[in-house]
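Note that this is a predicted model, so its numbers are computed, not measured.
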Amino acid sequence: MEICISHQSAQQYWRIHGGGMLGSNKHARSRRTPDTLPAETTLGTASNLGLPLPLSILVNRNALKRRSRQFHSIVCNSLLPDKSLIDLGDGVFISSPELCFVQMASELPLIKLIMLGFELCGTYSLSGFAGTNNTYVYKNSGVDGNRDAAGTEGATGAAAIAASATLTTSALSGFYSRPQLTSVSKLSAFVDRMEGADGVKNARKALNYIADGSASPMETILVMLMILPYRLGGYGLPVPELNSRITPVKEIRSNSSKSFYSCDLLWRDANLAVEYDSNQYHTGAERIASDSKRRNVLNAIGITVYTVTSKQIYSYKELEKVAKLLAIRLGKRLRYENTMFMLKQSNLRSILFSVTG
């Protein structure tokens with residue numbers, strides 16, 4: 001007996017387990033969803049993944065769609081493409097990050113879907129359980145929330161995942177670092193293969209405003225405020241590269257302690273970068289000192305670096321000043337009707353900041 005965990009439960013799974021299990025399990029080939037509801041033993045195995053009940057699961061039309069305390073069945077009659085599901089072992093399958101994105105596109109409004117896209121294509125996860133203000137990290141996590149090896153020696157499949165799913169509340173600020181789960185190109189390719197499915201239209205809209213490589217929720221918020229169109233409350237700037245590498249010329253590199261540097265936000269063609277400074281979301285004073293050295297090197301190779309703090313991001317007026325400076329450097333003139341735009345950005349901010357707690 002099999003079970004296919006999907007939608008909200010799959011989103012929570014990827015938030016809890018990060019990328020640690022992505023490479024240790026096999027993608028399933030194209031297949032249809034189960035035509036029977038899962039047995040109690042299969043549900044028991046799935047519930048050990050640390051996911052709250054009821055689980056969202058996929059079934060086809062031959063199964064009775066019903067809701068219980070343990071699961072909420074969602075009918076999916078179409079043949080799922082290759083790599084839609086990941087086999088966790090012991091009869092448990094779960095939506096891949098790409099399928100999860102399409103599934104959540106049928107449930108989430110556009111702004112929240114874009115945020116989810118940044119998270120899946122970034123190197124962080126929000127708290128595993130949506131709607132809480134706590135951060136959940138593994139007990140074997142380091143100080144910065146990065147995961148160590150998952151599972152226990154000798155455990156395989158779903159048993160290994162269950163063994164690694166002991167959670168503890170941390171004082172971290174709503175997220176932890178982990179490997180990137182997917183990319184914009186992979187999401188786009190998968191959406192094309194899901195033509196006609198629920199959520200595809202919304203997914204395509206969201207992909208216009210998602211970039212790879214965001215390292216924190218506040219980086220995502222900053223980028224979205226800068227790049228979303230006026231009608232959504234953003235400043236309509238071009239999508240930047242996030243945390244991408246810059247290699248200085250040999251003369252500058254020989255006087256530097258690093259062979260390459262990265263920028264939080266980078267508009268490479270304009271030689272323009274933005275660094276987000278925060279003790280809360282980065283790792284304290286040592287990181288800020290390192291950022292300062294990096295900015296000096298970047299300035300030496302002709303890249304103008306602006307620094308943005310969390311205080312500026314929270315302030316409509318202060319962030320608008322930053323947006324205008326960036327727009328000038330990018331050769332773009334900001335054109336919006338102020339009163340209406342403030343209402344739209346107020347709505348955008350209420351969504352962005354509520355999601356991160």
When you compare the side chain of Ile227 with that of Pro240, does any pair of heavy atoms fall below 4.5 Å?
yes
Set of residues satisfying ring pair (Phe, Tyr, Trp, His ring centres under 6.0 Å) with respect to Tyr235, sequence neighbours excluded
Phe341
Hey, is CG on Asp269 packed in by over 12 heavy atoms from elsewhere, all under 6.0 Å?
no
Spell out, as yes or no, whether a donor-acceptor pair under 3.5 Å connects the side chain of Glu318 to the backbone of Gln312.
no
Quick check: does any side chain N or O of Ser96 sit under 3.5 Å from a backbone N or O of Ser84, one acting as donor and the other as acceptor?
yes
side-chain contact (heavy atoms from CB on, under 4.5 Å) evaluation trace for Asp192 with Arg204:
CA-CA 9 Å; Asp192 289 342; Arg204 284 206 173 100; 3.3 Å; yes
Polar side-chain atom of Trp14 near backbone of Leu181 as donor-acceptor pair, under 3.5 Å:
no
Kindly write out the residues that satisfy ring pair (Phe, Tyr, Trp, His ring centres under 6.0 Å) with Tyr209, not counting sequence neighbours, or none if the list is empty.
none
Evaluate Leu225 against Arg349 for side-chain contact (heavy atoms from CB on, under 4.5 Å), listing each step before the verdict.
CA-CA 8 Å; Leu225 286 168; Arg349 285 172 170 271; 4.1 Å; yes
Under 3.5 Å, is there a donor-acceptor pair between the Tyr316 and Ser346 side chains?
no
Quick check against the 3.5 Å criterion: does Glu337 have a side-chain atom that pairs as donor or acceptor with the backbone of Met340?
yes
Arg245 versus Ser262, side-chain donor and acceptor atoms under 3.5 Å
no
Does Asp264 reach the main-chain N or O of Asn243 with its side chain, forming a donor-acceptor pair under 3.5 Å?
no
Side chain to side chain donor-acceptor pair (under 3.5 Å) involving Lys311 - partner list, sequence neighbours excluded:
none
